[in-house]
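Below: one structure, written as structure tokens.
Everything numeric here is computed off the predicted structure, so don't read it as measured data. In what follows, chains are A, B, ... by sequence order, proteins preceding strands, each numbered from 1.
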Number of protein chains: 2
Amino acid sequence: MEISPTGYVVLGILNWQPRTGYEIKQLVDRSTRFFWAASYGQIYPELKRLSDQRLVSGKADLKSARGRKVYRLTPKGHRELDRWMQRPPETFEMRNEGLLKLFLATGDSPEEIARHLGEMGGNADDVVARLREIREELGAEQASDQLCLRFGIEMNEWIAGWCQRRQRELAGADTKKRAA
Amino acid sequence: MEISPTGYVVLGILNWQPRTGYEIKQLVDRSTRFFWAASYGQIYPELKRLSDQRLVSGKADLKSARGRKVYRLTPKGHRELDRWMQRPPETFEMRNEGLLKLFLATGDSPEEIARHLGEMGGNADDVVARLREIREELGAEQASDQLCLRFGIEMNEWIAGWCQRRQRELAGADTKKRAA
DNA sequence: ATCCACATGTAAGGCGTTACATGATTGG
DNA sequence: CCAATCATGTAACGCCTTACATGTGGAT
């Protein structure tokens, strides 16, 4: 009777409106993706499991010969989602290869450190660019609703700024040392 | 001949000095843990694999009857680490249940949204507290070296601040609406 | 004596990605 | 008619965590 973390993403999305697995994946890719990704290989089996547990119900769309299956939340699924939403968040993880390289470069030359900072900041800039695109596509009314999108943009801007500030500090210290 | 991401953590740590698996785990827990965790169940098998590939070499510590095995980087391992350090970082992931709940609460009442913001910010505060403890234990000279520790503290402070600012905005908008 | 820290390792299982397999529909 | 998109699903595999199993050494 256990539900995987990604199961709750599915439940939460279906809480807004019925959708197919394909549509769920599309939504995830332009929303939760940056803090909770999910692939087809997870979504389809997950829908089946949730269906077995009667938390969602899937109906074949008869109007479509494509074999679409539209899933909706059951009352039981709704209660399960509510309970989960009330519980305090547990997982808060980060896996950042740039930060790892910066750490492992401790003791290396200022130039090396600066290079890692540059790459880390560049990555953050890239994420900002992609999130801005998504926001643009959403349109103004909807976008104001998107707190998480705003979080993603502002946090990555902060990260890029932090990297730049540390690079400048290094350059300053380096110049002073050379002058001395 | 593939090396797992965590394999590079091990390689990078051994690059500073020879260590046992146990010591690697201890170091990870007070350093990379917040952006790249690793458990015993990964470290020991990983040391074996790296050893099989001649990237590290392990020597039984004869002075200790405890069966300690001290590993050190081989020249081949050093080259492999260098190559990896030169490559641009690829993984940049985040898994944040608080942010997920905030997203799934879109459309809920301002009070609900504010609650999620509070929990998310509280989590960030907790991380800041733990990282500060670690910094204190390190002592001043070493701590100045710890760019990543500083990043962890400052980023989580920023996150906590962001959550508070959004909470205040919500409270303000709410008051205005009630007054109208 | 007993407990904690040191120390190594394995097994089972969860979670997730990638790649593959298959086919329908729509727009140019 | 062809390509892109819609649409569902599975298989293999990688990574990681948790729990277990085992034992030593030092401090109280």
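Ring planes of B:Phe151 and A:Trp162: perpendicular class, angle over 60° (limits at 30 and 60°). Relative ring orientation between B:Tyr40 and B:Tyr22 is described as parallel, the plane-to-plane angle staying below 30° on a 0-90° scale split at 30° and 60°.
Rounded to whole Å, the distance from CZ on A:Arg95 to P on C:dT17 is 13 Å. Atom OH in A:Tyr40 sits about 12 Å away from atom P in D:dT5, given to the nearest Å. Taking atom NZ of A:Lys25 as the reference point, atom C1' of C:dT18 lies 11 Å away to the nearest angstrom. When rounded to the nearest whole Å, the span between NZ of B:Lys59 and C1' of C:dA7 equals 20 Å. In this structure, CD of A:Glu90 is placed 15 Å from C1' of C:dG14, rounded to the nearest angstrom. Separating the CZ atom of A:Arg68 from the P atom of C:dA24 is a distance of 16 Å, rounded to the nearest angstrom. Taking atom CZ on B:Arg19 and atom C1' on C:dA7, their separation rounds to 16 Å, with Å as the unit. With rounding to whole Å, B:Glu93 atom CD is found 8 Å from C:dT17 atom P.
The number of heavy atoms from other shown groups lying within 6.0 Å of CD (A:Gln86) is above 12. Taking a 6.0 Å sphere around CZ of B:Arg165, one finds it holds more than 12 heavy atoms contributed by other residues, nucleotides or ligands.
The residue B:Gly41 sits close to a base: some heavy atom pair falls under 4.0 Å. B:Ser4 comes within 4.0 angstrom of sugar-phosphate atoms only, judged by non-hydrogen atoms across all strands, and of no base. Residue-level contact check: A:Gly67 touches the backbone only, with heavy atoms under 4.0 Å from sugar-phosphate atoms and none from bases. Counting non-hydrogen atoms under 4.0 angstrom, B:Gln26 reaches the backbone sugars and phosphates but no base.
A sub-4.0 Å separation between OP1 or OP2 of C:dT17 and a side-chain N or O of A:Gln42 is present. Listed pair A:Lys69 / D:dG9 meets the phosphate criterion, a side-chain N or O lying under 4.0 Å from OP1 or OP2. Residue A:Tyr22 places no side-chain N or O under 4.0 Å from the OP1 or OP2 atom of D:dT8. Listed pair A:Thr20 / D:dT8 meets the phosphate criterion, a side-chain N or O lying under 4.0 Å from OP1 or OP2.
When the nucleotides D:dT5, C:dT8, D:dT18 are ranked by their closest atom to the side chain of B:Tyr44, C:dT8 comes out on top. Taking the side chain of A:Trp36 as heavy atoms from C-beta on, and the options C:dG16, D:dC15, D:dA7, the nearest nucleotide is C:dG16.
Positionally, the nearest nucleotide of DNA chain C for B:Val70 lies more toward the 5' end than for the other of B:Val70 and A:Thr6.
Looking at A:Arg166 and A:Glu169, a side-chain N of the basic residue comes within less than 4.0 Å of a carboxylate O on the acidic one, giving a salt bridge.
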